[in-house]
Amino acid sequence: MTEKKHEFQAEVAKLLHIVTHSLYSETEIFLRELVSNASDACDRLRYAALTAPALIQDDPEFKVTLSIDNDAKTLTIEDNGIGMSEQEMIDNLGTIARSGTSNFVDQLTGDSAKDINVIGQFGVGFYSSFMVADKVEVTSRKAGEENAYVWSSDGSGSYTIADGSRASRGTTIILHIKDSTAEYLDANRIRNVIKTYADHIALPVILKAANETEDGTKEDETLNTASALWTRSKSEITPEQYTEFYHHVGQAFDAPWATLHSKVEGVLEYSLLVFIPGQQPFDLFSPDRKSALKLYVKRVFITDDCEELIPAYLRFLKGIVDSEDLPLNVSREMLQNNPVLRKIRTGLVKRVIGEIEKRSKADAEGFHKFWDNFGAVLKEGIYEDMEQGDRILKLSVFKSTASDSYTDLAAYAERMKDGQENIYYITGDNEDAIKKSPQLEGFRAKGIEVLLLSDPVDSFWLSRQTAFDGKNFKSVTQGSAELDKMTADEDTKSDDDKSDEANLSTVIAAFKLALEDKVKDVRISNRLTDSPVCLVADEGDVDIHLEKVLKAHKQFGAAASQRILEINPKHALIEKLKERGEKEGASDLLSNAALLLLDQAYIIEGEPINDPVAFSQRMANFMAQGL
Ligand code: ADP
Ligand code: MG
């Protein structure tokens, strides 16, 4: 017999060290993980057998069998699923294959209390065996193949793979139970754990009669209900069972935020059991993230990679859809542009949005939690979904200058001031930064609410959706501020722009001259109170932040639109420049000030400045003059 030694991938070794050395209170989850894997392996074979029935002919009844051997101190978990080849054992039981998981391993600190928390959030799958076993042996034979292999490890650094034998396909996992967790050699404990964690598993989980009782009356015992959870009626399912199913089907460890279970009958017949997670999955924004909804046909698992089943903006959903109408031998090609799937998708989308709407009305606080996790994703639907886009916009909530909490658009509209026609917003990369934008100053002073939009997706939906309820969306960094038209909250003295303009004509003329090829215009601002200058986009030009986003997505040419520099007539610096500007020989001073203030305005926008060396020289000269 050949036996080959392999080192664990470094991340796995690190993980195993924590798993074996930390005191983890919920050791029983190893059984959930192993039974879950066994059930997945059966699902995959059942699907493969649709086109290759010979694979299961000799043994068509899928099951998971547990047996306890008190003398050997072993617990064995056996399945007749798809099995693993030698290479698959290396790939699956020696590395961490799940995408994004290595990030999570990076979060491990070596402080066991903290690490256990991290592990609790991500799960360690098969490796959780080492919480209860000091040696694990996996014998597996891939369906349709003759050879079997034995994987064996004590969880420290390396494992071996040797030739083995197994009468038929499937996987057997022998756990040599540690003394400290001897409870897992007790049939009652096993019964309880399966009832709690694996009742929803759709195939029978059988406990083999203990081998040392010789009375001959003992019979194998099925521990779970062994029918697909979604086929049972809602009244028979406990919240705990739903949660356990969610953990199994969604590779999740949190409590779901919403559970949607229904059977749809009519033109089409399908069941759905779909969850909205309570936490943001770590790979939500990773581009290679697959949909986490599983497609079943008449209780047979078909695929967990069916893009047609849900739109991308609902990619946070987890769970299953089980269709009665699709043929069992449905192929990948058939799933594309399939009319049945399209109808299921439409129904599913409506059901999910309906649920979110309901929760947004019934429980604002809970809804905001959902929004923190998935709002940025759901908002993609505003522009991607022609049918539901308006509905999504209506339930969407936003941060605003009016409070620290969220507001929806209807509530914003109710707070609009007399004479205010537009819904004002500012976009940017980060809420804290845009809150401080100079362009907001005048709106703040007049008590006019501005939406603070800091998700990248905001710029996209805004370019499609121009109005809500007859009110146009308008960026505060674009066009004229129209602030004079609106009633002030307090009596901020309304200034006469004309006289400001006359007063500042020398400064403005000098600025225009100095910045001739750098800005579109220089004008007096009524949106500034504290800052000397700011940049805005002209009415018909692309909003400043949108241009940045488009550039990042390479959807915008290199040539930037020219901006308008607005100056604050009441700022001390501008007033000083006006005084000095009226004296002889001030043109150099004014042109240097213009260049300096333009660079400042760019810095505030988070934009690079053209010539940092010239900027710092000018700055130094100015400071020297001031001292
Ligand atoms: P996950 O289930 O999240 O993929 P696990 O650590 O639980 O991660 O399992 C890793 C992989 O090992 C599985 O994806 C599967 O390919 C393989 N595997 C584990 N248990 C079995 C089994 N009983 N039969 C066949 N393959 C298995
Ligand atoms: Mg698993």
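Every number for a ligand or one of its atoms is a count from 1 in the order of the listing. Here the structure is a predicted model, which means the values were calculated and not measured.
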Report task. Say whether Glu88 and ligand 1 are in contact under the criterion: heavy-atom distance to a ligand atom below 4.0 Å. Result -> no
Query raised in the report: So among Arg299, Lys263, Lys294, which one has a salt bridge (Lys or Arg N to Asp or Glu O under 4.0 Å) with Asp322?
Result: Arg299
Query raised in the report: Should Glu11 and Lys14 count as an ion pair when the cut-off is N to O under 4.0 Å?
Result: no
Query raised in the report: Short N/O distance, under 3.5 Å, between Gln251 and ligand 1?
Result: yes
Query raised in the report: Is Lys178 salt-bridged to Glu183, cutoff N-O under 4.0 Å?
Result: no
**Report entry** Backbone N/O of Tyr159 and side chain of Ser153: donor-acceptor pair under 3.5 Å
**Finding:** no
Query raised in the report: So does Asn37 have any N/O/S atom less than 2.8 Å away from the Mg ion (ligand 2)?
Result: yes
**Report entry** Under 4.0 Å to a heavy atom of Gly125 - the qualifying atoms of ligand 1, by number
**Finding:** 5 (P), 6 (O), 7 (O)
Query raised in the report: Which is closest to atom 16 (O) of ligand 1 in terms of heavy atoms, Thr171, Asp91, Asn92, Ile77?
Result: Asn92
Query - Gap between atom CG of Leu31 and atom CD1 of Ile77 - 0.5 Å precision - result: 5.5 Å
Query raised in the report: Which of the atoms in ligand 1, numbered in the order shown and given with their element, are less than 4.0 Å from a heavy-atom of Arg44?
Result: 15 (C), 16 (O)
Query - Asp40-ligand 1 polar pair, N/O distance under 3.5 Å - result: no
Report summary line: At under 4.0 Å between heavy atoms, what of Asp79 touches ligand 1? The answer is side chain
Query raised in the report: Would you say Ile276 and Leu317 make side-chain contact, with heavy atoms under 4.5 Å?
Result: yes
Query raised in the report: Which atoms of ligand 1 sit under 4.0 Å from any heavy atom of Phe126?
Result: 5 (P), 6 (O), 7 (O)
Under 3.5 Å, side-chain donor or acceptor atoms of residues 369-377 against the rest of the protein: list the pairs with distances, not counting sequence neighbours.
residue : atom : partner : partner atom : Å
Trp371  : NE1  : Val397  : O            : 3.1
Asp372  : OD1  : Tyr406  : OH           : 2.5
Asn373  : ND2  : Gly278  : O            : 3.0

